[in-house]
Amino acid sequence: MIEFSTALAEGVAKAKEAGEFVKQTGPELGKLDNEEINTEDVKFEEVERYYPPPEITFEQEKMEPIEGNYMNDNIELSEKTAQYGDPEYINEIRDQNEKVGQVLSEYERSLTEDPSDLNFQRVDEKLERYKGTIFEHELKDTLKDKFEVVEDKQRIVETDWGETKPDVIARGAIENMEIGDLEIKKGEDLFIEAKCGGADYIRSEMGHMLRQVEGHEGNSLVVVTKDYFDINPNIRSDFESRLAEKGSHIYVADVYSTDISAGLFSSLRL
């Protein structure tokens, strides 16, 4: 067990506030990360065209939904996603997935061998990037009892603009269900594009998500963390209209990306 000093914790907090994250990566960590982290997060021209960067950035309080069917479902999905930041649940995901275990074990080894402020910051940044992978695994785990098969690995789907890989593919609903405003009938499939991150990140990925859902071959759903509510309602409305044009829907998990970040670090076995 490693005990981090108060000074160390304060140093890390200050480094975070200043945005002084370290960009160095060891070869072993990089090798493992490249196997798990979704490298498809490519920015497209549509991002700038549809959602240009705001001229002024305002500090916003957490906003709850005031309209829409963002978090309603009849399969207890909201209650389950509220647990996504629980370190114990994250460790269940880890124990079920060999590659996740390898990645987190390597971070633990790194911190055990070098518990310095610098390495602490570096691992923390790597975990920030990895939380999206954990979010996808949690969604797969949550849905596995609601479908005949939830595919373990991503697969390539051809679209008019190129190739894409749906984050989650669930085959054969075992019962009729409702997720947000999407109705899924027994026997039907579900394709999900998942995004775990702050409001700025989700906003920057909107153009990408509009492309990704074109590769959904069945019921199409975009699942985002609760940070989505921090985006300007007009931008959300426009994005949702464009999703609807492509036959897709939005669902908001009852968890903030910061909850998953904190739970992921707390789950490390140090």
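No experiment lies behind these values; they were computed from the predicted model shown.
Evaluation of the salt bridge (Lys or Arg N to Asp or Glu O under 4.0 Å) test over residues 74-96, restricted to residues two or more places apart or in two chains, returns Arg94-Glu108, Asp95-Arg269.
Remark: side-chain polar atoms of Lys131 are not paired, donor with acceptor, to backbone N or O of Cys196 under 3.5 angstrom. At least one donor-acceptor pair closer than 3.5 Å links the side chain of Ser266 to the backbone N or O of Ala262.
In this structure, the side chains of Ile179 and His249 stay at 4.5 Å or more apart for every pair of heavy atoms. By the 4.5 Å heavy-atom criterion applied to side chains, Val222 and Tyr251 are not counted as neighbours. The side-chain heavy atoms of Asn72 and Asn69, taken from C-beta on, include a pair separated by under 4.5 Å.
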- Query: Run the side chain to side chain contact (heavy atoms under 4.5 Å, CB included) check on Asn74 and Glu178 step by step: do they pass?
  - Reply: CA-CA 6 Å; Asn74 64 354; Glu178 297 177 3; 4.0 Å; yes
- Item | Check against side-chain hydrogen bond (donor to acceptor under 3.5 Å, both in side chains), Ser267 and Asn91 | CA-CA 6 Å; Ser267 75; Asn91 270 319; 4.5 Å; no
- Stepwise side chain to side chain contact (heavy atoms under 4.5 Å, CB included) check, Glu193 with Lys195: CA-CA 7 Å; Glu193 174 71 9; Lys195 291 297 175 187; 3.3 Å; yes
- Task: For Ile93 and Tyr89, run side chain to side chain contact (heavy atoms under 4.5 Å, CB included): C-alpha distance rounded to whole Å, both residues' side-chain angles, the deciding distance at 0.1 Å, then the answer.
- Result: CA-CA 6 Å; Ile93 297 298; Tyr89 180 52; 3.7 Å; yes
- Task: Output, in order, the C-alpha distance, side-chain angles, deciding distance and verdict of side chain to side chain contact (heavy atoms under 4.5 Å, CB included) for Ile231 and Met206.
- Result: CA-CA 11 Å; Ile231 298 173; Met206 285 179 170; 3.8 Å; yes
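Here the shortest heavy-atom pairing between Phe147 and Ile174 reads C-CG2, 3.9 Å. Closest approach of Ile260 to Ile90, counting heavy atoms only: O-CD1, 4.2 Å. Here the shortest heavy-atom pairing between Ala170 and Val150 reads CB-CG2, 4.1 Å.
Residues meeting the side chain to side chain donor-acceptor pair (under 3.5 Å) test with Asp114, sequence neighbours left out: Ser116. By the salt bridge (charged side-chain N to carboxylate O under 4.0 Å, His left out) test, Asp259 pairs with no residue at all, sequence neighbours left out. Listed by chain and number, the residues in a salt bridge (charged side-chain N to carboxylate O under 4.0 Å, His left out) with Asp141 are Lys144 (sequence neighbours excluded). Scored by the side chain to side chain donor-acceptor pair (under 3.5 Å) test, Thr142 finds Tyr84 as partners (sequence neighbours excluded).
Ring centers of Phe120 and Phe265: under 6.0 Å apart, within the cut-off.
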Donor-acceptor pairs are to be reported for all side-chain atoms of residues 183-192 against protein atoms at under 3.5 Å, with residues two or more places apart or in another chain.
{"unit_1": "Glu188", "atom_1": "OE1", "unit_2": "Lys185", "atom_2": "N", "d": "2.9"}
{"unit_1": "Glu188", "atom_1": "OE1", "unit_2": "Asn219", "atom_2": "ND2", "d": "3.0"}
{"unit_1": "Asp189", "atom_1": "OD1", "unit_2": "Gly172", "atom_2": "N", "d": "2.9"}
{"unit_1": "Asp189", "atom_1": "OD2", "unit_2": "Arg171", "atom_2": "NH1", "d": "2.8"}

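Using a 3.5 Å distance cut-off with no hydrogens or angles, the side chains of Tyr130 and Glu125 do not pair a donor with an acceptor. A donor atom on one side chain and an acceptor atom on the other are not found under 3.5 Å apart for Ser78 and Asp73. Judged by distance alone, the side chains of Ser110 and Asn119 do bring a donor and an acceptor atom under 3.5 Å apart.
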